[in-house]
2 protein chains.
Amino acid sequence: MDQRQALIAFGALSQETRLHIVRMLVVSGPDGMAAGAIAEKAEVSPSNISFHLKELERSGLIAQQRESRSIIYTANYEALGGLVRFLMEDCCSGHPEICAPAAEVAACCTPKMKEKLQ
Amino acid sequence: MDQRQALIAFGALSQETRLHIVRMLVVSGPDGMAAGAIAEKAEVSPSNISFHLKELERSGLIAQQRESRSIIYTANYEALGGLVRFLMEDCCSGHPEICAPAAEVAACCTPKMKEKLQ
DNA sequence: TCCATATTTCAATAATCCTTGAATCATTGA
DNA sequence: TCAATGATTCAAGGATTATTGAAATATGGA
């Protein structure tokens with residue numbers, strides 16, 4: 001993830017509806033969610049959700065694929081990981097005080113890490 | 001860091017000049033930089049830098065303190081770490097695929113981690 | 001083909017954000 | 001006190017982003 005993409009991604013996450021969408025798609029995993037289902041859960045109009053989904057896709061944080069009549073959106077884990085990495089490494093120069101709390105979280109989430117850190 | 005603050009912080013980082021400011025302040029450490037010095041390095045006008053510094057301070061990512069005639073800005077490591085944590089934990093539900101790359105970065109930056117992971 | 005469903009696009013408006021330059025405020029030293 | 005320095009505030013304008021509802025597009029089934 002380069003700076004240009006990171007700027008767009010930060011902008012994408014700076015809007016409540018869009019942050020909500022990303023959270024839902026991360027949880028829903030590889031199956032993703034249809035645009036309509038997202039709109040319903042987020043309680044926004046179809047045209048509005050479409051606007052925000054487009055913005056998120058432009059940022060690379062989510063991807064779409066048509067499935068029959070529905071358009072299924074999924075979280076792009078690689079891009080999200082890339083953004084975390086950008087924030088820690090590029091933006092914060094890998095500063096220990098900033099990265100340490102992140103390391104804790106990472107340890108809790110990645111089984112291998114957890115093992116080694118015990 | 002709660003969602004409200006995270007939204008503001010993401011917005012703060014979504015602007016090129018402000019991202020540049022944060023990077024400079026992280027590098028400059030606890031000594032920080034005076035507003036004028038920041039403006040000069042970022043090549044923007046005093047009033048414009050003031051606008052962006054205010055926005056960053058509102059986000060909590062930087063702090064200010066007067067020192068004689070100058071106003072010194074410093075990066076808020078705690079807030080930056082909190083944002084990384086929010087992105088990994090709250091926003092991305094601690095998803096391993098997203099957190100793994102972050103763990104690598106963290107390992108490189110925090111001496112204790114590095115030791116344990118070798 | 002025709003209709004229903006799922007979604008996007010478009011145009012208009014509202015809201016927010018960014019930039020600029022002039023004016024103002026705070027601090028220090030002569 | 002006065003002038004100089006360092007920085008902020010303010011108002012105006014331009015640019016971008018968000019919301020809305022109506023119209024258009026794509027797909028699948030009767």
Side-chain angles (χ1 to χ4, degrees), chain A residues 3-25 28 31-76, chain B residues 3-25 28 31-76:
Chain A
Q3 166 162 325
R4 195 191 123 270
Q5 272 299 108
L7 284 169
I8 296 173
F10 285 136
L13 294 178
S14 72
Q15 208 280 343
E16 195 165 11
T17 301
R18 288 197 295 260
L19 184 58
H20 189 190
I21 292 171
V22 170
R23 296 174 96 141
M24 288 195 293
L25 292 183
S28 75
D31 289 348
M33 289 176 77
I38 297 170
E40 201 177 353
K41 270 228 169 187
E43 298 183 65
V44 294
S45 72
S47 85
N48 190 236
I49 212 74
S50 195
F51 168 80
H52 288 303
L53 287 169
K54 196 173 156 193
E55 198 64 15
L56 279 169
E57 217 203 347
R58 188 172 74 91
S59 78
L61 296 179
I62 70 172
Q64 66 160 209
Q65 85 215 62
R66 183 175 277 279
E67 190 125 332
S68 176
R69 269 191 280 226
S70 299
I71 293 183
I72 307 294
Y73 285 89
T74 47
N76 182 344
Chain B
Q3 167 163 324
R4 196 191 122 270
Q5 273 298 109
L7 283 169
I8 297 174
F10 285 136
L13 294 179
S14 72
Q15 207 279 343
E16 196 166 10
T17 301
R18 288 195 296 259
L19 184 59
H20 189 190
I21 293 172
V22 170
R23 296 174 96 141
M24 287 196 294
L25 292 183
S28 75
D31 289 348
M33 287 175 77
I38 297 170
E40 202 176 352
K41 270 228 170 187
E43 299 184 62
V44 294
S45 72
S47 85
N48 190 236
I49 212 74
S50 197
F51 169 79
H52 288 303
L53 286 169
K54 196 174 158 193
E55 198 64 15
L56 279 169
E57 217 203 347
R58 189 172 74 91
S59 79
L61 297 179
I62 71 172
Q64 65 160 209
Q65 84 214 64
R66 183 175 279 278
E67 189 125 332
S68 176
R69 269 189 280 226
S70 299
I71 293 183
I72 307 295
Y73 286 89
T74 47
N76 183 343

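Lettering follows sequence order; numbering is per chain, from 1.
Here the P atom of nucleotide dT8(C) and the CZ atom of Arg66(A) are 8 Å apart, to the nearest Å. If you measure from atom CD1 of Ile49(A) to atom P of dT9(C), you get 15 Å, rounded to the nearest angstrom. Rounded to a whole Å, the CD atom of Gln64(B) is 13 Å from the P atom of dA26(C). Put simply, CD on Glu16(A) is 17 Å from P on dA15(C), counting in whole angstrom units. Here dT7(C) presents its P atom at 7 Å from CD1 of Ile71(A), a figure rounded to the nearest Å. Glu67(B) has its CD atom 19 Å from the P atom of dA26(C), to the nearest Å. Whole-Å rounding puts the Asn48(B) CG to dG21(C) C1' distance at 12 Å. What separates CD of Glu55(B) from C1' of dC18(C) is a distance of 10 Å, to the nearest Å.
Residue Gln65(A) has no polar side-chain atom (N or O) positioned under 4.0 Å from OP1 or OP2 of dT7(C). An OP1 or OP2 oxygen of dA6(C) is reached within less than 4.0 angstrom by no side-chain nitrogen or oxygen of Tyr73(A). Checking the phosphate oxygens (OP1, OP2) of dT20(C), no side-chain nitrogen or oxygen of Ser47(B) falls inside 4.0 Å.
Using a 4.0 Å cut-off between charged nitrogen and carboxylate oxygen, Glu57(A) and Lys54(A) do not count as a salt-bridge pair.
The structure places CD1 of Ile21(A) at 9.0 Å from OH of Tyr73(A), a figure rounded to the nearest 0.5 Å. Note that CD of Glu40(A) and CD1 of Ile38(A) are 11.5 Å apart. Values are rounded to the nearest 0.5 Å. Note that CG of Leu13(B) is 12.0 Å distant from CD1 of Ile8(B), once rounded to the nearest 0.5 Å. For the atom pair Arg18(B) CZ and Leu7(A) CG, the distance stands at 10.0 Å (nearest 0.5 Å).
The residue among His52(A) and Ala35(B) whose nearest nucleotide of DNA chain D lies closer to the 5′ end is Ala35(B).
Here chain A contacts DNA chain D (any atom closer than 4.0 Å to a heavy atom, that is under 4.0 Å), and the contacts span dA18(D) to dG28(D) from 5' to 3'.
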*Worked verdict on Arg23(B) versus Gln3(A) for side chain to side chain donor-acceptor pair (under 3.5 Å)*: CA-CA 12 Å; Arg23(B) 296 174 96 141; Gln3(A) 166 162 325; 2.6 Å; yes

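Counting only heavy atoms from C-beta on, Pro46(A) has its side chain closest to dT7(C) among dT28(C), dT7(C), dA4(C).
Ser50(B) comes within 4.0 angstrom of a base, heavy atoms only. Across all strands, Ala34(A) comes closer than 4.0 Å only to sugar-phosphate atoms, never to a base (heavy-atom distances). Within the 4.0 angstrom heavy-atom criterion, only backbone atoms of the sugar-phosphate kind lie near Ser70(A); the bases stay farther away.
Side-chain atoms of Ile62(A) and Thr74(A), non-hydrogen and from C-beta on, never get closer than 4.5 Å to each other.
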